[in-house]
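This report concerns only the one structure given below.
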Amino acid sequence: MKKRLIPFLFATSVLFCILGKVDVKASCTHEWSEWKVWVEATCTTDGYEDRTCQKCYEEESRKIPATGIHKWTEWKEFEKATCTEQGTEERECSECYKTERRTVPSTGVHVWADWKTYGYLCADGTYSRYCKECFKEETKARKGNGQHNYADWYVVTEANCLNNGKKCRQCLDCYYSEYGEIPKNPNAHEWSMWYTSKSPTALKKGEQERGCYICRLVEKKPLNKLKAKITLSVKKKTLSVKKSFTLKLKKYTYGDKILKFSSSSKKVATVNKKGKVTARKKGKAKITVKMKSGCKATCTVTVK
């Protein structure tokens, strides 16, 4: 009996409490606390706030409408603007994570690399640089310092007796050519071959000449006399008394002339100035021919 009574009493007590509470709230003059936000409203989603009665502890909630206002971060570079190309910036809502982009104008200012030298420093050349963004190239003239690395001089035109010569040397780096003058040389003639202008003889010297093709100077040199030689037509002759013959020269040096004929024994044989030999009496005689050069030759004449 007691076991059945306990559940009944408990249920009756609960019901009484519920009905009593309803009656209290219905009759309560609420003293509400301040609204407290327990879900913040964002740019796109609603929030919520509630309050509590200080007497009956009844709670009341209400919706906070979405603000519709984004909470943007600072603009950040997304694509860098260059000297010729536009760029973009991006920002993000920290609540809804929506992104927004805007165009950044081109800078119009080139980002130049350092100047570089083209060509050798000794000669005129150029400086060049390029924009690191658009690769535009810019050049400017560069004056050479003139400090060439020259090779040795070589002759372009030889100097001669009348004219200056020309020489050249070249820079081993930039191939610049420098020309210089070679002073004329009074002794640098361009001679012709020697030729005989006057032939030598046994009695007189000769002469050779040569001429300079440039200044027309003529140079002369002597030629020695020819060595005198003589050969008679006969070296020995036999004659009868009162017979004669003419002694002639078989060979003699060019330009030489007979000076005289003479006999070693005029009693045996005589000779005239033309070389006619006449036998006078028996015996031997030497007929000598002397040339103007001093050269001599003899013929032995035997008279029988």
Side-chain angles (χ1 to χ4, degrees), residues 6-121 123-145 174:
I6 290 172
F8 174 76
L9 292 174
F10 178 76
T12 302
S13 298
V14 170
L15 181 59
F16 177 77
C17 289
I18 292 173
L19 291 175
K21 189 175 182 180
V22 171
D23 291 338
V24 170
K25 286 183 179 181
S27 61
C28 181
T29 57
H30 299 297
E31 291 183 7
W32 297 105
S33 64
E34 295 293 326
W35 289 100
K36 289 184 180 180
V37 178
W38 57 277
V39 175
E40 290 281 353
T42 67
C43 52
T44 55
T45 58
D46 296 332
Y48 293 95
E49 60 183 359
D50 61 13
R51 63 182 179 175
T52 305
C53 177
Q54 301 298 321
K55 294 179 179 180
C56 66
Y57 302 104
E58 181 181 351
E59 292 183 351
E60 185 178 55
S61 298
R62 66 180 180 182
K63 182 170 66 174
I64 304 172
T67 64
I69 300 173
H70 295 291
K71 291 185 178 180
W72 298 109
T73 59
E74 294 294 324
W75 287 102
K76 291 184 179 180
E77 184 181 87
F78 183 76
E79 290 180 340
K80 186 177 180 179
T82 67
C83 51
T84 56
E85 300 289 334
Q86 293 180 337
T88 56
E89 288 181 327
E90 186 179 75
R91 64 180 179 177
E92 184 180 67
C93 177
S94 59
E95 294 179 340
C96 67
Y97 303 107
K98 178 182 178 180
T99 58
E100 185 178 60
R101 291 181 184 176
R102 68 178 179 182
T103 301
V104 179
S106 59
T107 64
V109 179
H110 295 291
V111 182
W112 295 109
D114 294 334
W115 286 103
K116 288 188 177 181
T117 301
Y118 286 90
Y120 290 97
L121 295 177
D124 293 347
T126 58
Y127 291 113
S128 178
R129 65 178 182 176
Y130 69 93
C131 176
K132 296 179 181 179
E133 294 179 342
C134 67
F135 302 103
K136 177 182 178 180
E137 190 173 15
E138 185 177 62
T139 59
K140 65 179 180 180
R142 175 183 54 77
K143 189 70 176 176
N145 59 23
C174 68

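Numbers here are sequence positions counted from 1. If you're wondering where the values come from, they're calculated on a predicted model, not measured in any experiment.
Using a 4.5 Å heavy-atom threshold, the side chains of Cys93 and Cys43 count as touching. With a 4.5 Å cut-off on side-chain heavy atoms, Glu95 and Lys71 count as touching. A heavy-atom distance below 4.5 Å is found between the side chains of Glu133 and Lys80. Annotation: side chain of Thr52 is in contact with side chain of Glu59 (closest heavy-atom distance under 4.5 Å).
Using a 4.0 Å cut-off between charged nitrogen and carboxylate oxygen, Arg129 and Glu138 count as a salt-bridge pair.
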Quick one: do Trp38 and Asp50 satisfy side chain to side chain contact (heavy atoms under 4.5 Å, CB included)? Show the steps, please.
CA-CA 7 Å; Trp38 57 277; Asp50 61 13; 3.6 Å; yes
Using the rule given for side chain to side chain contact (heavy atoms under 4.5 Å, CB included), can you reason through Lys116 versus Tyr127, listing the C-alpha separation, both sets of side-chain angles and the distance that settles it, and then say yes or no?
CA-CA 5 Å; Lys116 288 188 177 181; Tyr127 291 113; over 6 Å; no
Walk me through it: do Cys83 and Ser106 pass the test side chain to side chain contact (heavy atoms under 4.5 Å, CB included)?
CA-CA 5 Å; Cys83 51; Ser106 59; over 6 Å; no
Would you sort out whether His30 and Glu58 count as a side-chain hydrogen bond (donor to acceptor under 3.5 Å, both in side chains), showing the intermediate values?
CA-CA 8 Å; His30 299 297; Glu58 181 181 351; 3.1 Å; yes
Under the salt bridge (Lys or Arg N to Asp or Glu O under 4.0 Å) criterion, do Glu100 and Arg91 qualify, and how do the steps go?
CA-CA 5 Å; Glu100 185 178 60; Arg91 64 180 179 177; 2.7 Å; yes
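Expressed to the nearest 0.5 Å, how far NZ of Lys136 lies from OG1 of Thr84 amounts to 10.0 Å. Taken from OG1 in Thr44 to CD1 in Ile69, the straight-line distance is 12.5 Å, to the nearest 0.5 Å. Atom OG1 of Thr99 is separated from atom NE2 of His70 by 10.5 Å, given to the nearest 0.5 angstrom. For the atom pair OG1 of Thr42 and CD1 of Ile64, the computed distance is 11.0 Å after rounding to the nearest 0.5 Å. Between atom CD of residue Glu92 and atom CZ of residue Arg101 there is a gap of 11.0 Å, rounded to the nearest 0.5 Å. Taking CH2 of Trp72 as the start and NZ of Lys98 as the end, the distance is 5.5 Å to the nearest 0.5 Å.
Tyr130 and Phe135 have parallel rings, their planes meeting at less than 30° on a 0 to 90° scale where 60° marks the start of perpendicular.
Annotation for Glu40: atom CD does not count as buried by contact number, only 12 or fewer foreign heavy atoms lying within 6.0 Å. By the neighbour-count criterion of 12 heavy atoms within 6.0 Å, atom CD of Glu34 is sparsely surrounded, having that number or fewer from other residues, nucleotides or ligands.
For the pair Ala66 and Ala41, the tightest heavy-atom approach, listed with the atom from each and the gap, is CA-CB, 4.5 Å. For Thr103 against Gln86, the heavy-atom pair with the smallest separation is CG2-OE1, 3.2 Å. Here the closest non-hydrogen pair linking Glu60 and Trp35 is O-CZ3, 3.4 Å. In plain terms, the two heavy atoms of Glu89 and Val104 that are nearest each other are CG-CG2, 3.3 Å.
For the residue pair Glu137 and Ser128, a side-chain donor N or O sits within less than 3.5 Å of a side-chain acceptor on the partner.
Under the side chain to side chain contact (heavy atoms under 4.5 Å, CB included) rule, Arg142 has a single partner from Leu121, Thr126, Asp124, which is Leu121.
For the pair Arg62 and Tyr48, the cation-pi test (distance below 6.0 Å, angle within 45°) is failed. Cation-pi contact between Lys55 and Trp32: absent, since separation from the ring centre below 6.0 Å together with deviation from the ring axis within 45° is not met.
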